[in-house]
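The next block holds one structure in the form of structure tokens; read it before the comments.
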Protein chains: 2
Amino acid sequence: MMATMTDAGTEPLFRLLSRYMALDHADRVALSALETGPIRKLNARSDIAREGENPSVVRLLVSGWACRYKDLPDGRRQIVGFFLPGDFCDLNVYILSELDHSIGALTGVRFFEIEPEQFQEVIDQRPNLIRALLWHEMVASGIQRQWLLSIGQRSALERLAHLFVELYYRLQAVGLATGLTFELPITQNHLAEANGLSPVHLNRTLQEMRREGLIELSDRQLKIVDLKHLKKVAMFNSNYLHFNRT
Amino acid sequence: MMATMTDAGTEPLFRLLSRYMALDHADRVALSALETGPIRKLNARSDIAREGENPSVVRLLVSGWACRYKDLPDGRRQIVGFFLPGDFCDLNVYILSELDHSIGALTGVRFFEIEPEQFQEVIDQRPNLIRALLWHEMVASGIQRQWLLSIGQRSALERLAHLFVELYYRLQAVGLATGLTFELPITQNHLAEANGLSPVHLNRTLQEMRREGLIELSDRQLKIVDLKHLKKVAMFNSNYLHFNRT
DNA sequence: CGGAAGCTTGAAGTGCGTCAATAAGCGTGG
DNA sequence: CCACGCTTATTGACGCACTTCAAGCTTCCG
């Protein structure tokens with residue numbers, strides 16, 4: 001029982017929410033009670049949901065990376081956010097009827113689906129949790145603002161540096177960083193789409209970062225070589241992540 | 001009594017929320033009960049709140065334009081959202097402790113402040129309202145995603161076209177558009193900061209739009225000359241505004 | 001009447017995009 | 001087991017959308 005709980009798909013979520021506020025064992029149990037359905041799997045490059053759909057369930061990402069993206073009629077695409085393990089793909093299903101963006105799997109993903117009633121039941125019992133979940137949504141919104149600042153004002157190098165530091169902190173929060181190294185399972189094309197850059201220029205920017213001794217990247221492993229310098233280049237201020245518990 | 005209600009500072013807010021769902025007279029009364037404190041005024045170019053602060057009240061903009069912005073240590077600035085009459089400047093004070101962005105007055109503004117307890121009281125009585133307010137927050141988040149798409153992928157002309165159509169719809173929702181004309185009380189500099197463009201290039205893009213017969217703009221009055229064409233240029237899809245009641 | 005804020009224009013520079021080609025890795029099927 | 005296709009990463013040459021710098025103009029207001 002305890003063993004299954006620690007292995008549960010809700011483990012990263014619990015770790016994440018714990019960065020925002022103190023949660024107790026009962027909260028932990030309540031969260032794991034969300035996982036009743038089967039674990040679903042999808043391959044990389046497949047869509048989890050398309051713009052215009054009206055999904056009836058909330059999805060919790062257990063492993064792999066996904067993204068929110070928007071596209072234009074002529075094919076241009078912008079990734080507007082990453083979903084990492086422990087993230088909900090669209091909690092706003094509750095409020096809004098129709099998706100105004102798509103959700104795509106960037107790698108193979110595993111997730112499970114939660115029925116609204118079931119969700120409601122759990123948060124009714126645990127007022128702490130609804131607060132933590134709202135917090136998480138607000139942070140997601142803050143990340144979007146930070147991306148606007150990046151794409152609007154930062155150079156390619158600064159942008160990429162900022163993204164890497166952000167991913168480092170987010171992955172660390174769900175236990176997916178070991179030291180200053182983490183798995184970066186997405187392609188340079190994805191990084192380009194997230195940063196509003198062409199794949200070619202993104203590639204050159206990556207090489208510049210390596211040359212400057214900021215990072216090492218190979219075999220999908222990103223190692224931050226000089227975190228202090230990287231943060232300086234990115235002008236990184238972690239306040240927008242609102243982790244107020246170490 | 002009825003007269004003061006229609007003139008109330010909450011009037012634009014009520015109009016706005018009515019675009020999302022049906023609200024009744026009791027909701028209207030509950031909203032206007034939020035306005036107990038005095039109307040506060042600030043001049044253009046002054047800050048309503050600064051990044052790092054922890055405001056204890058929710059502010060409702062009654063007239064004038066404000067914005068959310070983020071800045072970098074070296075002075076670069078990005079406007080990440082506009083506040084129009086009827087918008088709350090940071091409902092998330094409820095959840096997050098510290099502001100991760102600043103709020104600035106772009107024109108002279110009038111607003112009033114709402115204490116959390118007072119706010120709580122009103123929404124406890126009117127479950128409809130909390131739903132409408134959450135809806136509004138989700139739409140704000142959707143607008144941010146749309147801006148990311150704009151700045152990341154659209155050209156200067158497309159970006160500006162998109163912004164104008166968006167502002168048109170938003171202002172129309174609060175009764176601030178007459179036909180295809182509305183007041184655009186902000187400077188070209190502000191437009192540049194919102195679109196991640198230099199003031200010079202923004203000016204040239206505006207002229208191009210005039211030359212193409214898309215808009216007329218003078219004396220702070222923006223007239224959309226050819227809405228259909230403008231929407232086409234912008235590749236505008238209104239779904240992200242989630243106005244599901246005409 | 002002076003000074004600040006905003007708009008406009010010209011000239012020159014550059015960060016990034018586009019196009020095009022190559023090469024490496026990898027699963028799949030004949 | 002090799003051949004094929006597909007995905008991903010890389011590099012060079014060239015072009016352009018946008019930036020920067022600079023100046024002059026207007027309007028407004030104290």
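All figures in this text were calculated on a predicted structure; none of them were measured in a lab.
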Rounded to the nearest angstrom, tell me the gap between atom CG in B:L184 and atom P in C:dC7. 10 Å
Step through it carefully: locate the ring centre of A:W147, locate the ring centre of A:F82, and say whether they are under 6.0 Å apart. yes
Taken to the nearest whole Å, CG/A:D219 to C1'/C:dG25 is 11 Å
Atom-pair distance (CD on A:E158; C1' on C:dC16), nearest Å: 14 Å
Given C:dC16, C:dC7, C:dT8, the nucleotide with the shortest approach to the side chain of A:R159: C:dC16
Is the phosphate of D:dT11, meaning OP1 or OP2, less than 4.0 Å from a side-chain N or O of A:Q207? yes
Separation of C:dC16 atom P from B:L197 atom CG, nearest Å, is 14 Å
Can you tell me if A:S150 and A:R159 form a side-chain donor-acceptor pair at under 3.5 Å? no
From B:T205 atom OG1 to B:E158 atom CD, the distance as rounded to the nearest 0.5 Å: 11.0 Å
Would you classify A:T187 as touching base, sugar-phosphate or nothing, given that sugar-phosphate means primed atoms plus P, OP1 and OP2, and contacts are heavy atoms under 4.0 Å? sugar-phosphate
List the steps and the verdict of side-chain contact (heavy atoms from CB on, under 4.5 Å) for B:F88 and B:V93. CA-CA 11 Å; B:F88 285 104; B:V93 164; over 6 Å; no
Just how far, in rounded Å, is P of D:dC18 from CG of B:L191? 16 Å
Could you tell me whether B:R154 contacts a base, only the sugar-phosphate backbone, or nothing, with contacts defined as non-hydrogen atoms closer than 4.0 Å? nothing
Aromatic ring proximity, centroids under 6.0 angstrom, B:F236 and B:Y169: yes
Does any N or O donor sit under 3.5 Å from an N or O acceptor when you compare the side chain of A:R204 with the base of D:dG12? yes
Could you work out which one of D:dT8, D:dC18, C:dA5 sits closest to the side chain of B:A156? D:dC18
Atom CG of B:L206 and atom P of C:dT9 are separated, to the nearest Å, by 11 Å
Distance check: side-chain N/O of A:Q188 vs OP1/OP2 of D:dT7, anything under 4.0 Å? no
For A:L202 and for B:H190, locate the closest nucleotide of DNA chain C by heavy-atom distance; then report the residue assigned to the nucleotide nearer the 5' terminus. B:H190
Interatomic distance, B:H201 NE2 vs C:dG15 P [rounded to whole Å]: 17 Å
Of B:V200 and B:T205, whose nearest nucleotide on DNA chain D comes first from the 5' end? B:T205
Once you round it to whole Å, what is the distance between P of C:dG15 and CG of A:N203? 18 Å
D:dA9 phosphate, OP1 or OP2, under 4.0 Å from A:R220 side-chain N/O: yes
